[in-house]
Amino acid sequence: MGNTMCMTKKEIREAGKNGIGSRSRRMERSKRRSLLEEELLHRQALSMAIQQHQLSQRFDGSISRRVGSTSSRRRNDLTDQLTNSKQLTLENFHVALQLPYEIYAVKLPEFLENIKTKKIVLIHGEGFGAWCWYKTIALLEETGLVPTALDLTGSGIDLTNTNNVTSLEAYSKPLIDYLENLPEDEKVILVGHSAGGACVSYALEHFPTKIAKAVFLCATMISDGQRPFDVFAEELGSAELFTQESKFLTYGNGKDKPATGIMFEKEQMHGLYFNQSPTKDVALAMVSMRPIPLGPMMDKLSLTPEKYGTSRRFYIQTLDDHALSPDVQEKLVRVNPPEGVFKIKGSDHSPFFSKPQSLHKILVEIAQIP
């Protein structure tokens with residue numbers, strides 16, 4: 001009738017298939033493009049991590065430092081820039097990866113005007129380095145915040161021999177130096193992961209006026225008189241027993257001298273830290289992690305109500321954590337109550353790998369709290 005066009009059932013089915021097929025192909029192309037971009041980022045991050053790992057091997061005594069060929073001088077120069085700065089921000093990270101900074105430029109959201117403290121200092125956990133925050137740095141900067149990741153002493157690309165790091169004070173020195181050089185009228189938000197939480201507590205005790213908020217990410221939020229290692233006792237056993245019997249101890253000063261560090265085998269690291277992390281991030285970690293200095297883990301922390309006790313603390317729990325179980329984390333917040341507690345479902349002990357979007361969302365939420 002009139003201009004009405006009649007179609008057979010077969011023609012209707014074919015037309016539907018063509019429409020759905022076209023949309024499906026477009027979605028597939030978009031998905032492939034996103035995967036390729038992620039693959040590029042991971043490969044370049046892994047490349048830089050391998051170079052850092054090779055640099056750290058000088059402490060083993062079995063591998064001598066090699067001078068790069070002419071074709072690799074440019075990348076070595078970029079790595080030297082990072083080595084000299086001892087700080088990792090998104091800008092110098094993507095420079096080392098030779099990625100265009102412009103891809104991260106975004107219009108700042110209006111809510112940023114209400115955030116008083118925009119500087120966020122990221123402190124890694126035992127064995128890690130500033131490199132582990134690469135996803136978090138990108139997400140925070142895209143939001144308009146100002147993140148900085150530090151390498152603790154003997155970690156990441158810091159050239160200190162881990163065998164010589166014997167105290168929590170020495171381990172925390174890069175953080176202390178950063179806070180000492182912070183302008184008087186500026187404050188930061190500290191985020192400490194795992195044993196890096198002890199470094200945050202140490203900073204809260206010594207620089208309470210320079211820290212607006214402290215965030216403990218599945219971290220050692222210990223009480224006065226405790227050691228960072230005490231938090232891991234449920235998984236690793238008592239400190240006394242561990243230092244006597246553990247096969248993961250390293251002896252940098254000789255077998256006849258006290259142990260100086262801890263280095264888990266790949267299987268143990270995967271089970272403890274990365275049971276939910278993407279394979280590519282696990283590969284990055286395996287070539288980047290360094291021995292854990294034992295001294296700082298066994299150092300008792302002195303915290304006072306007048307300084308540490310006046311700080312604003314927040315805790316982020318990871319609910320699929322094998323290194324610091326949810327029960328242990330719950331006990332930490334019960335014994336030493338923070339201002340707020342957040343939870344990340346399905347995250348292992350490395351939420352910056354396994355749940356970066358969830359972590360980012362929580363950090364932004366904490367930054368917005370008046």
Side-chain angles (χ1 to χ4, degrees), residues 111-125 136 140 145-150 152-153 167-231 296-318 324 328-343 359 362-370:
F111 74 84
L112 279 176
E113 297 177 3
N114 299 321
I115 296 181
K116 189 174 181 180
T117 304
K118 297 181 177 64
K119 286 189 175 181
I120 298 180
V121 181
L122 304 166
I123 306 301
H124 62 81
T136 306
L140 289 173
L145 296 172
V146 186
T148 296
L150 302 179
L152 296 174
T153 308
S167 68
L168 189 60
E169 179 182 3
Y171 191 48
S172 306
K173 190 176 186 304
L175 172 59
I176 301 308
D177 290 346
Y178 178 91
L179 293 173
E180 283 182 340
N181 293 318
L182 198 66
E184 288 295 329
D185 59 341
E186 287 190 17
K187 290 187 176 185
V188 298
I189 297 173
L190 292 188
V191 180
H193 169 244
S194 199
C199 299
V200 170
S201 295
Y202 182 87
L204 286 171
E205 179 65 25
H206 291 82
F207 297 93
T209 61
K210 291 191 175 184
I211 303 166
K213 297 167 188 170
V215 183
F216 293 81
L217 176 60
C218 51
T220 52
M221 189 174 66
I222 55 181
S223 302
D224 177 48
Q226 276 191 310
R227 299 172 291 195
F229 188 91
D230 294 340
V231 178
M297 297 289 289
M298 299 298 178
D299 221 355
K300 290 185 177 181
L301 201 55
S302 178
L303 303 172
T304 63
E306 297 78 20
K307 294 182 179 180
Y308 174 85
T310 61
S311 63
R312 300 185 66 186
R313 292 176 291 110
F314 299 84
Y315 200 96
I316 302 177
Q317 297 178 339
T318 43
L324 206 60
V328 171
Q329 295 181 54
E330 189 64 37
K331 181 180 179 181
L332 288 175
V333 301
R334 188 170 61 250
V335 173
N336 191 10
E339 182 176 328
V341 177
F342 299 80
K343 300 182 180 183
L359 173 59
I362 292 173
L363 292 179
V364 172
E365 185 176 343
I366 292 174
Q368 292 181 80
I369 297 174

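Sorted by first and then second residue, the pairs that involve residues 180-197 and meet side chain to side chain donor-acceptor pair (under 3.5 Å), not counting sequence neighbours, are Lys119-Glu186, Glu126-Ser194, Ser194-His349.
With hydrogens and angles ignored, the 3.5 Å screen pairs a side-chain donor or acceptor of Thr220 with a backbone N or O of Ala198. The main-chain N or O of Leu324 is found under 3.5 Å from a side-chain atom of Gln329 such that the two form a donor-acceptor pair. A donor-acceptor pair under 3.5 Å is formed between the side chain of Glu205 and the backbone N or O of Thr304. A donor-acceptor pair under 3.5 Å links the side-chain atoms of Ser201 to the main chain of Gly197, judged by distance alone.
Tyr202 and Asp299 share no donor-acceptor pair across their side chains, judged by distance under 3.5 Å alone.
Put simply, CD1 on Ile211 and CG on Leu190 are 4.5 Å apart, with the number rounded to the nearest 0.5 Å. Taken from CD1 in Ile366 to OG1 in Thr117, the straight-line distance is 13.0 Å, to the nearest 0.5 Å. In this structure, His124 NE2 and Cys199 SG are separated by 8.0 Å, a value rounded to the nearest 0.5 Å.
Residue-environment remark: CD (Gln226) exceeds the threshold of 12 foreign heavy atoms within 6.0 Å. Taking a 6.0 Å sphere around NZ of Lys118, one finds it holds more than 12 heavy atoms contributed by other residues, nucleotides or ligands.
Scanning both residues, Leu179 and Lys210, for their nearest heavy atoms gives O-NZ, 2.6 Å. Heavy-atom minimum distance, Lys343 versus Gln317: CE-OE1, 3.0 Å.
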